[in-house]
Engineer: 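The structure's right below; bear with me while I get my questions together.
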Amino acid sequence: MSATTEPLSAAESLLRRSDDLRRGLGEDVRDRIVSSLYGEAQRISQRAVHDEKARRWDFDQKIDRLVTSRLFGLPLMLLLLAAVFYLTILGANVPSQMLAEALFAVEDWGAGLFQTAGSPEWLTGLLWHGVYRGLAWVISVMLPPMAIFFPVFTILEDLGYLPRVAFNMDWLFRKAGAHGKQALTMAMGFGCNAAGVIATRVIDSPRERLIAILTNNFVPCNGRYPTLIMLAVIFVGAAFPPAWASVAAAATVVGVVMLGVGFTLLVSWGLTRTVLQGEASAFTLELPPYRRPSVLRILYTSLIDRTIFVLWRAILTAAPAGAVIWVLANVDAGGRSLAQHAIAFLDPLGHAIGLDGVVMLAYVIAIPANEIVVPTMMMCYLGAGMMTEITNYEDIRRLLVDQHGWTMLTAVNLMLFSLLHNPCATTILTIWKETRSGKWTALGTLLPLSMAFLVCFAVATLWRALAP
Amino acid sequence: MSQALPWLLALALLAALWAAPRYGLRDLWRESGQKRLRRRFEDALKHMLAWERRGKIATPESLAGALERSPRQVLALITRMESKGLVCSGSEGVRLTPEGERLALHVVRAHRLMERYLADEAGLPMSRLHQAAEKAEHELSPEGADRLDAHLGHPQRDPHGDPIPTSQGELPGVEGVTLTEWPVGRPARIVHIEDEPAVIFEQILAAGLKPGMTLWVVEKTPERLVVSGEEAEHRLALAVAANIQVAAAAPERLRASDAVRLSALPYGVRAEVLELDEECRGFSRRRLMDLGMTPGAVIEPALENTFGDPRAYRLRGTMIALRRQQAGQVWVRRLSGERKEAA
C-alpha cells in the first residue's frame with residue numbers, strides 16, 4: 001500500500017489549498033465574521049429580551065457623571081484614598097498591638113522553656129529572639145493593615161469604582177506613555193507592591209505591562225507606612241497645635257503618596273523614552289455597571305488570594321532576616337558588635353545622602369521585608385540585643401532628635417528614601433516570576449535604588465548649601 | 001615558587017576564560033562570527049532578489065554598494081555563497097539559484113512579518129520599524145515565521161504596503177504606480193511607501209501620509225506635487241512623491257460625506273458605526289471589533305473626565321472608554337433624532 005507517502009502529500013496539498021483559499025478571502029475576513037456574529041446575536045436578543053427602559057442605567061449614569069466629573073472627579077478620588085488610609089491606620093492599631101503582645105508572650109514562654117531545658121544561650125537567642133521575633137514582628141505589623149486594606153480595596157473593586165479611577169487618571173498615564181490600567185495596579189501597590197506587580201496582568205501590552213511592573217515600587221506599601229507615619233507624627237505633627245497634629249500628619253502621608261504617584265509618572269515617562277520605547281497601545285476599558293459587592297467572595301479573594309499569599313511570602317523572607325539581625329547584634333568582634341562595625345562602615349555613605357549609618361544598616365537588613373526598618377533602627381540606637389519598639393512617640397522624638405542628632409533633613413530624606421528605595425525581596429522575587437527575565441528584575445531593583453540615592457543626595461546637598 | 005603561584009593561577013583563569021566551551025571568549029567570538037556571516041549572506045540574497053524582481057541582475061559592484069563592503073570582500077563573499085549553492089555568478093552578474101531564492105524569500109518574509117508585528121502588537125513608531133526588522137529578520141527561522149504569521153492572522157501586506165511572501169515562497173506583485181504618474185483629480189489610495197532612503201521616508205511620515213489613506217493630486221508642476229489628504233494639503237518634492245505608490249481607490253471605499261470620526265462626535269449625540277479606519281490594525285482592531293464596534297452598531301459619547309480624554313461611550317448596553325486617538329479610528333454617522341435603532 002502507498003499509505004506511507006499518500007497521506008503526507010494529501011496533507012501537503014490540503015495545506016496549500018487552505019493557503020490559496022485564505023488569500024482569496026481577503027484580509028477583512030475576521031471583521032466580517034465578527035460583524036455577522038454580532039448581527040446574529042442582536043437578532044436573537046431582540047426577539048428574546050424585552051427592554052424595560054432601564055431605570056438602573058440612569059441611576060448608574062448619575063453616579064458616573066459625579067465620580068468622573070471635571071470638577072469633582074479627582075478630588076473625590078483623593079478623598080476616598082485618604083479615607084482608605086485613615087481606616088487602615090486607625091483600624092489596624094489595636095489588633096496590631098494585641099497580636100504583638102500575644103506573639104511576644106509566646107516568645108518569652110518559648111525562650112524560658114529552652115532555658116529550663118538547658119539549651120545553650122546562643123541557640124535560644126538565635127531561634128527565639130532572632131528568627132521567631134522577626135516573624136512575630138512582620139506578622140503583627142503586616143497582617144492587621146492588610147486584612148483591612150485588601151477587603152476595603154476589594155469592595156471598591158467589586159462596586160466597580162476602580163475602573164472609573166483608571167478612566168480619570170488615564171490622561172496622565174497616556175502623557176507618560178503608559179496604560180491607564182496602571183492606575184489600578186498602582187492602587188493595589190498601596191496594599192503590597194508584590195500584589196501590585198501580580199495585578200499588572202490586567203495590562204495586555206507587554207511594553208506597558210513592564211512599565212507598570214518597574215514603577216509599582218514608587219507607591220509606598222503597607223510595610224512602609226509605619227516609617228512614614230512615625231516621621232510625619234514626630235516631625236510634622238509636632239510643629240502643629242495638638243488638635244491639628246493628626247490631620248497634619250495624615251496630610252503629610254497623603255502628600256508623600258502623591259509624590260510617589262508623581263515619581264511613577266516621571267519614571268514611566270523616562271522609560272518610554274529610553275529602554276521601553278513605543279507608542280501607547282490600544283486602551284479600551286470597560287466601565288461595568290455598579291454592583292452590590294458580594295461579601296463572601298470579597299472575603300475570599302482579599303483574605304486568601306491576597307493577604308495570606310503576600311503574608312506567606314513575607315514570612316519566608318523575614319525568618320532569615322530575623323536570624324541575621326540577632327547575629328549582627330550579638331556577635332562581638334574586637335569589643336564591638338558586628339552591627340556597630342557595619343554602622344561605622346556605612347556612616348559616610350549615610351551622611352552623604354542626609355541620613356546615617358544606622359538607617360543604612362536598617363535598610364540593608366530590611367531588604368526581605370520593609371516592616372522591620374523601624375524596629376531595627378531602634379535596636380541599633382538603643383544598643384539592644386534584639387529588635388525593639390518604643391510605642392510612645394515622645395520617647396522616640398527624644399531618642400532620635402536629642403540623642404542622635406536627627407534634623408528635619410534626616411526626616412525628609414528618610415521619607416524620600418523609604419518612598420524610592422529598592423523593592424523588598426518578596427517584590428523582587430515576584431518581578432522575576434512575572435517577567436522571567438534577570439534583566440528586567442535587575443532594572444526593577446537598581447533603578448529605584450539609584451533614584452533614592454540620587455534624590456536624597458541632591459536634597460541633602462542643596463539643604464546643606466542653603467541652610468545657615 | 002610562592003611568587004609564581006599567583007601568576008600561574010591568573011594564567012589558568014585567562015586560559016579558561018578563553019577556551020571554556022560555549023561561554024568562553026573563543027566560542028562566543030566564533031558564534032558571533034557565524035551570525036555576522038549569516039547576516040551578510042542574507043542581506044546579499046535580499047539585494048539580489050530585489051534586483052531580479054525589477055528585471056535586473058545584481059553585480060559585485062551593486063552588492064558592494066548595498067552591503068557597504070569593499071569589492072574584494074564582496075568577491076570573497078560571493079565565492080563562499082557559490083560553494084554553498086546559493087548563487088551562481090556569470091559574466092553579466094550574480095544570479096540566485098532556486099535554493100538561494102528560497103532563502104531570500106524567507107528573509108523578506110521574516111522582515112515583513114516582523115514589521116507587521118512590531119507595528120501592530122509592539123506599537124513601535126513607523127519610522128523605526130525598518131531598522132528594527134532589519135536586525136530581527138536574521139533571528140527568525142522558517143518555523144518561527146510560520147508561527148508569527150499564524151499569530152498575526154496571516155497578514156498579506158507589511159505596514160508599508162508591501163506584499164508578504166507566502167510560506168510556499170510566492171510573492172505577489174504590488175499593483176500600484178508611483179504618485180508622480182497619477183493623474184490630477186482622481187482619488188487614489190496609497191498602497192506602498194518605500195522605506196529607503198530613511199530621510200525621504202521620514203518626510204513622508206512627517207506629512208502624515210500612511211498606506212491605506214485616500215488622496216487626490218491637486219496640482220502638478222515640474223518641481224513638486226500638491227496633494228490633498230483627508231485633513232490637509234501637502235506639498236511634496238518629486239523625489240519624495242516618487243517613493244509613494246498608489247492605486248485607484250475603490251468606489252465603495254470612499255467614505256460617505258456625512259461620516260465623522262467618533263472622537264469628533266459631540267457629547268450625548270447618538271450615531272451609527274460605519275467602519276473602522278484602515279490604520280486601526282492588529283490587536284487594536286481585534287479589540288474594538290470584539291467589543292461590538294461593528295458596522296451598524298449604535299454608539300453615543302456618555303462620559304467625559306477632568307482632562308477630556310479618554311471619553312466613555314455607550315455601546316450595545318455597555319460603557320466603554322476609549323482614548324481620543326483610538327476613537328479617531330472609528331467612522332460614524334449621526335443618527336437624526338427621530339430615527340430608531342437600526343436592527
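Order of the sequence lines fixes the chain letters, A, B, ..., with proteins taken first and strands second; residue numbering starts at 1 for each chain. Bear in mind that the values here come from a model prediction, so they are computed numbers and not experimental data.
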Engineer: First locate atom CZ of B:Arg285, then atom CG of A:Asp31, and finally report the distance between them rounded to the nearest 0.5 Å.
Structural biologist: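 Those atoms lie 4.0 Å apart.
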Engineer: For chain A, which of B:Thr294, B:Ile320, B:Leu288 has the most heavy-atom pairs under 4.5 Å?
Structural biologist: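 Top option by heavy-atom pairs under 4.5 Å: B:Thr294.
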Engineer: Of all of B:Arg311, B:Met293, B:Arg316, B:Arg128, which one pairs up most often with chain A through heavy atoms under 4.5 Å apart?
Structural biologist: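 If we count pairs closer than 4.5 Å to chain A, B:Arg316 comes out on top.
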Engineer: Under 4.5 Å, counting heavy-atom pairs only, tell me which of B:Pro295, B:Gly308, B:Ala302 racks up the most with chain A.
Structural biologist: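 If we count pairs closer than 4.5 Å to chain A, B:Ala302 comes out on top.
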Engineer: Select, from A:Asn168, A:Leu172, A:Leu71, A:Leu15, the one with the greatest count of heavy-atom pairs under 4.5 Å involving chain B.
Structural biologist: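 Most pairs with chain B among the choices: A:Asn168.
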Engineer: Heavy-atom count check: over 12 atoms from other residues, nucleotides or ligands less than 6.0 Å from A:Arg70 CZ?
Structural biologist: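 Yes - once you tally the heavy atoms of other residues, nucleotides and ligands closer than 6.0 Å, there are more than 12.
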Engineer: When rounded to the nearest 0.5 angstrom, what is the spacing between CZ in A:Phe283 and CZ in B:Arg324?
Structural biologist: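 Reported value, rounded in 0.5 Å steps: 13.5 Å.
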Engineer: Tell me every residue that passes ring-ring contact (aromatic ring centres under 6.0 Å, His included) with B:Phe201, counting only those two or more places apart in sequence or in another chain.
Structural biologist: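 Applying ring-ring contact (aromatic ring centres under 6.0 Å, His included) to B:Phe201 gives B:His160.
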Engineer: Would you compute the distance between atom CH2 of A:Trp171 and atom CG of B:Asn305 and round it to the nearest 0.5 angstrom?
Structural biologist: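 Taking CH2 in A:Trp171 and CG in B:Asn305, the distance rounds to 10.0 Å.
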Engineer: Keeping A:Glu286 on the side-chain end and B:Thr318 on the backbone end, is there a donor-acceptor pair under 3.5 Å?
Structural biologist: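 Pair absent, no side-chain N/O of A:Glu286 close to backbone of B:Thr318.
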Engineer: With chain A as the partner, which of B:Leu315, B:Leu322, B:Asp290 has the greatest number of non-hydrogen pairs under 4.5 Å?
Structural biologist: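 Ranked by heavy-atom pairs under 4.5 Å with chain A, first place is B:Asp290.
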Engineer: Other residues, nucleotides and ligands only: do more than 12 of their heavy atoms fall within 6.0 Å of CH2 on A:Trp440?
Structural biologist: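 Result for CH2/A:Trp440: enclosed.
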Engineer: Listed by residue number, which members of residues 255-262 of chain A have a heavy atom under 4.5 Å from any heavy atom of chain B?
Structural biologist: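 When heavy atoms of chain B are the reference, residues 255-262 of chain A contributes no residue within the under-4.5 Å range.
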Engineer: When rounded to the nearest 0.5 angstrom, what is the spacing between OG1 in B:Thr306 and CZ in A:Phe72?
Structural biologist: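 The distance works out to 11.0 Å.
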Engineer: Out of curiosity, B:Arg314 CZ to A:Gln61 CD, how far, rounded to the nearest 0.5 Å?
Structural biologist: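 Here the rounded value is 5.5 Å.
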Engineer: Where the side chain of A:Asp170 meets the backbone of B:Arg323, is there a donor-acceptor pair that is under 3.5 Å apart?
Structural biologist: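 Pair absent, no side-chain N/O of A:Asp170 close to backbone of B:Arg323.
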Engineer: Taking side chain as C-beta onward, heavy atoms only, is A:Arg164 less than 4.5 Å from B:Leu303?
Structural biologist: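 Side-chain contact under 4.5 Å: no.
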Engineer: Locate the shortest heavy-atom distance separating B:Tyr267 from A:Arg65; write the atom from each residue and the value.
Structural biologist: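 Closest approach of B:Tyr267 to A:Arg65, heavy atoms only: OH-NE, 3.0 Å.
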Engineer: Could you look at A:Ser205 and say if it's the side chain, the backbone, both or neither that has a heavy atom under 4.5 Å from chain B?
Structural biologist: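 For A:Ser205, no heavy atom lies under 4.5 Å from chain B.
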Engineer: Answer with side chain, backbone, both or neither: which region of B:Glu304 has an atom nearer than 4.5 Å to a non-hydrogen atom of chain A?
Structural biologist: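 Contact with chain A involves both backbone and side-chain atoms of B:Glu304.
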Engineer: How close do B:Ala321 and A:Phe167 get, heavy atom to heavy atom, and via which atoms?
Structural biologist: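 Taking every non-hydrogen atom into account, CB-CD1, 3.5 Å.
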